[in-house]
Amino acid sequence: MAMMNKIIYAKTLPWQHEGEYRLAIPIAPGEEPWNTLPYHLEEITELKIGAAMTDADKEDIVDKAKAVNPDIKVFQAKKDNEGRISFDQL
């Protein structure tokens, strides 16, 4: 759990320029799943796809995201030769 908290609540200095909000909802045994929580569709404006995601998974996730918000912006991660990650808008 300590490692998961570091991943969820930490941001490395090279990425501090990103003005993002992270939503972390720990679910205890017996609690409702996160996807039952209400939210407004316009609150989800961007989707970032990992560099190693399979095409089938990417298509599935993007289709689901666009079904909820057709105006969502989708970005694909990529690594350069030095291991730096950047995103291309799809």
Side-chain angles (χ1 to χ4, degrees):
M1 187 62 156
M3 179 58 73
M4 186 59 75
N5 284 341
K6 284 183 180 183
I7 292 169
I8 293 171
Y9 298 114
K11 187 163 193 141
T12 59
L13 292 177
W15 297 100
Q16 69 183 355
H17 67 278
E18 291 184 343
E20 71 176 2
Y21 293 96
R22 295 181 182 185
L23 178 61
I25 305 170
I27 303 298
E31 285 188 309
E32 291 289 326
W34 65 269
N35 59 357
T36 62
L37 297 174
Y39 64 94
H40 298 281
L41 299 179
E42 67 273 9
E43 292 176 325
I44 309 298
T45 59
E46 292 184 1
L47 172 63
K48 293 189 177 174
I49 303 293
M53 183 174 285
T54 67
D55 288 341
D57 286 344
K58 178 170 64 174
E59 182 178 349
D60 181 48
I61 289 171
V62 170
D63 287 348
K64 287 176 179 170
K66 289 190 177 241
V68 171
N69 181 357
D71 296 325
I72 195 165
K73 293 178 184 165
V74 181
F75 298 88
Q76 173 75 54
K78 66 178 183 180
K79 283 187 180 181
D80 67 14
N81 293 335
E82 296 176 15
R84 293 179 296 225
I85 297 173
S86 62
F87 292 89
D88 289 334
Q89 187 169 355
L90 300 180

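Closest non-hydrogen pair, Ala77 versus Gly50, comes out as CB-C, 4.0 Å.
Scored by the side-chain hydrogen bond (donor to acceptor under 3.5 Å, both in side chains) test, Lys48 finds no partners at all (sequence neighbours excluded).
Expressed to the nearest 0.5 Å, how far CD of Gln76 lies from NZ of Lys58 amounts to 4.0 Å.
Side-chain atoms of Glu59 do not come within 3.5 Å of backbone N or O of Ala56 as any donor-acceptor pair.
Identified under the side-chain hydrogen bond (donor to acceptor under 3.5 Å, both in side chains) test for residues 62-73, with sequence neighbours left out: Asp60-Lys64.
Counted within 6.0 Å of CD on Glu46, heavy atoms from surrounding residues, nucleotides or ligands total more than 12; the atom is thus considered enclosed.
Just one residue in the list Asp57, Val74, Asp88 forms a side chain to side chain contact (heavy atoms under 4.5 Å, CB included) with Ile49, and that residue is Val74.
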